[in-house]
Number of protein chains: 2
Amino acid sequence: MKDPANPTSRTPEDDRLRRRIGPTIRDVARMANVSIGTVSKALNNNGSLKAETRERVIAVANALGFRPNSLAQSLHRRHSFTVGLISNDSFGRFTMPIAEGLEACLADRQIAVFMCNATDDPERERQHVEQLLGKRVDGMVITARRADRRPGLDGALRGLPVIYVFSQSDDPEAVCLLPDDEGGARMAVEHLIGLGRQRIAHITGPERFEAVRLRRDGYRQALTAAGLAEGEGYYLSGDWSEKWGYDAAARLFAHGREPPDALFCGNDQIARGAADALRERGIAVPEDVAIVGFDNWNVMTEASRPPLTSVDLNLRALGREAGRRLIAMIDGTPMRGVSRLPCTLVIRESCGAKTDTLTGTEDYA
Amino acid sequence: MKDPANPTSRTPEDDRLRRRIGPTIRDVARMANVSIGTVSKALNNNGSLKAETRERVIAVANALGFRPNSLAQSLHRRHSFTVGLISNDSFGRFTMPIAEGLEACLADRQIAVFMCNATDDPERERQHVEQLLGKRVDGMVITARRADRRPGLDGALRGLPVIYVFSQSDDPEAVCLLPDDEGGARMAVEHLIGLGRQRIAHITGPERFEAVRLRRDGYRQALTAAGLAEGEGYYLSGDWSEKWGYDAAARLFAHGREPPDALFCGNDQIARGAADALRERGIAVPEDVAIVGFDNWNVMTEASRPPLTSVDLNLRALGREAGRRLIAMIDGTPMRGVSRLPCTLVIRESCGAKTDTLTGTEDYA
DNA sequence: ATGAAAGCGCTAACAC
DNA sequence: GTGTTAGCGCTTTCAT
């Protein structure tokens, strides 16, 4: 009673047999009156098959709603087409865009991403790694808040491709991808200098963040290159809050001291706090004082008065590039060491230049 | 030459054989001088086995660094111990805590989460669903921005457990989990009334958001229940920005009209904008006007002057509960319909009450 | 060009 | 108690 020309006529028991797993390759073979091997060739478009057969098999498969079991496939193929993403930033503001870029890149290659949150709990991280290895992921991405380096987890990984994004391993061989904080800071300060500013202060976050130290270095490099001196007390390290930006600005513009004509801030919250402080003192931004922030977090840059010029870390691009590199590693390309991707300066009203977007040059460190 | 008492002595060719896949259950069986079946029983702690054998096998497995291939296991077991999370909010501010709660809950049950971003692109979503089905996920979580309901994707899913979190399907049978916006708003306004406020205005977001309509309803219910009237022009719908909060507050406190003595705001950005507007007008918060926000987004609540009392949507709890329910569904418990989880009122300085946290009662709708 | 059959790494039913 | 074996759903030789 089987009618191979009309593959939709599945027998009732077939439906019952598959619990709810759907048809298997066997069912397709039966309905199309070919062998299992032939179906495999047809669907994977390899081997040599008569065009007519191939098409017929594919038609049957579609009619049946056949969906190959990726788990069974992975048992043979070299890859599982999954990777793990382990975050120690509890899916925070920085992890998000990275994950997004990564996912977008990998989805194009049909690779799925396991999202694991370890939040700096080593035991939890160990469990996740264990689980991911059990699931035979093809690679792993580690991301984190960037206070400092972390021990590599290379012990158990026996050569599995691993890439650290927005975080660093203490293993110098490890593949790490980071934004070029130093270059971003340099670009921001050069821009201020190009606008004629001479007395540029830097209000920033806690020095235990490597990013803080790098941005400070970039700031100083730009000053030095332009022959400008760093005013006394012009470098202010505090926490990452608006309040600190507000207080630090107040300090810079207090009593007799000669005030800065520009503020380069370690993040947008600090910048916004500073902008508030200046406004309340009747100091005009950008006319009297130009401000540049860091992170280009639009919740801050756009709510600030005036809207903030800010350095964008290009985290989405960082995630995408991480995906590309991980794929390359999975494909066998050897990689090692730290790379930094350029930042972008997004110009808004707070620095007195025409709205624009400037991208730093790639750093091949 | 095999020494079962010293299982670490693997033969060199064994290492070579496993490409980099690590030892298989076969290797463990060989080294422990037992059958494959016995190893399986020992490791999965089922069947009946002499304690000594069990322990010995486990010791060998550990020594070999054996890690069962979860993919192969899933071929037999009823489940793959993976679920898919499809987000249409591009991993945004609301998706994050939900994902975190979900992941935490599922990780406890050894279930891994595939993160997929569809960002309202139906084609991309279809591809993701396809991929997840191919990977034989045990269930699926759909989350989204909450402008409105979305078509269920139940066609292809043949009974796979699906739960919508922070989003709704147009299928009335679908399992949906949402915060109780109405109850949260009611709680906020009741709190203001309890503090003696009588003229309470509501500045909120765009009405196309169901959340806006629900919060408005809660606001009105609380007023009505207390026998208070809604002042004319006291309900102001705009966008979700600080600027709108600022402008709306300015409008409410303009010219001759009798001003409100409290503002209930649709989100924290609006509330912060309003607080700024009042401060600039010399209106004291909370003395003259109390303010309550919504979302409890600490970036906003804590940077606001004064810090904002705000309704917390308890998104992390929502994610965890979604995990619990999905597990229940996977375990066979039938579920259907929409549930809403209570919000929490987090009291800070902007409303003039003692710092505190109040939780709404569960809504068994 | 197609079919048959040997596994991938594991579980589970059934022998002994 | 432990070993044997038949698969899970698929890919991939190797015959034909």
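Quick caveat: nothing in here was measured; it's all calculated off a predicted structure. Side chains are part of it too, since the values below use all heavy atoms of this structure and drop only hydrogens, waters and symmetry mates. Letters A, B, ... are given to chains in the order of the sequence lines, protein chains preceding strands, and every chain is numbered from 1.
Spacing between atom CG of N69(B) and atom P of dC8(D) amounts to 18 Å, rounded to whole angstrom units. Atom CG in N33(B) sits roughly 13 Å away from atom P in dT2(D) (whole-Å rounding). Rounded to whole Å, the distance from CZ on F81(B) to P on dC10(C) is 16 Å. Whole-Å rounding puts the H79(B) NE2 to dT11(C) P distance at 15 Å. Across the protein-nucleic acid pair, N44(A) atom CG and dT13(D) atom C1' stand 15 Å apart, rounded to whole Å. If you measure from atom CG of L64(B) to atom C1' of dG9(C), you get 15 Å, rounded to the nearest angstrom. dC10(C) atom P lies 12 Å from atom CZ of R67(B), rounded to whole Å. Taking atom CZ of R78(A) as the reference point, atom C1' of dC8(C) lies 14 Å away to the nearest angstrom.
Picking from dT11(C), dG9(D), dG3(C) the nucleotide with the shortest atom distance to the side chain of I25(B) gives dT11(C). In this structure, the nucleotide among dT11(C), dC10(D), dG3(D) sitting nearest to the side chain of Q73(B) is dT11(C). In this structure, of dT2(C), dT2(D), dT12(D), it is dT2(D) that holds the atom nearest to the side chain of K41(B). Checking dT11(C), dC10(D), dT11(D) against the side-chain heavy atoms of R77(A) singles out dT11(D) as nearest. Considering only side-chain atoms of L75(B), the nucleotide from dC10(C), dG9(D), dG3(D) that sits closest is dG9(D).
Between T82(B) and T82(A) there is no side-chain heavy-atom pair separated by less than 4.5 Å.
Using a 4.0 Å heavy-atom criterion, one finds that L71(A) contacts no nucleic acid atom at all. Residue contacts shown for T53(B) are limited to sugar-phosphate atoms, with no base heavy atom under 4.0 Å away.
Residue S40(A) has a polar side-chain atom (N or O) positioned under 4.0 Å from OP1 or OP2 of dT11(D). Regarding contacts with the backbone of dG3(D), a side-chain N or O of T38(B) is found under 4.0 angstrom from either OP1 or OP2. For the OP1/OP2 pair of dT2(D) and a distance below 4.0 Å, the side-chain nitrogens and oxygens of K50(B) include at least one atom meeting the criterion. Here S35(A) reaches the OP1 or OP2 of dG3(C): one of its side-chain N or O atoms lies under 4.0 Å away.
No donor-acceptor pair under 3.5 Å is formed between the side chain of T95(B) and the backbone N or O of S87(B). Within the 3.5 Å criterion, the main-chain N or O of A174(A) finds no donor-acceptor partner in the side chain of S169(A).
Using modelled atom types and a 3.5 Å distance limit, the side chains of Q127(A) and E123(A) yield a donor-acceptor pair. For the residue pair N117(A)/T119(A), the side-chain donor-acceptor check at 3.5 Å is satisfied.
Judged by distance alone, with hydrogens and angles left aside, H76(A) brings no side-chain donor or acceptor close enough to the base of dG9(C) to form a pair under 3.5 Å.
The 5' end of DNA chain C is approached more closely, in terms of each residue's nearest nucleotide, by I36(A) than by the other of I36(A) and R136(A). Both F66(B) and L49(A) lie close to DNA chain C; mapped to their nearest nucleotides by heavy-atom distance, the more 5′-ward contact belongs to L49(A). Toward the 5′ end of DNA chain D lies the nearest nucleotide of S48(B), the other residue of the pair A72(B) and S48(B) mapping further downstream.
Between D138(A) and R109(A) there is no salt bridge, since none of the side-chain N atoms of the basic residue sits less than 4.0 Å from a carboxylate O of the acidic one.
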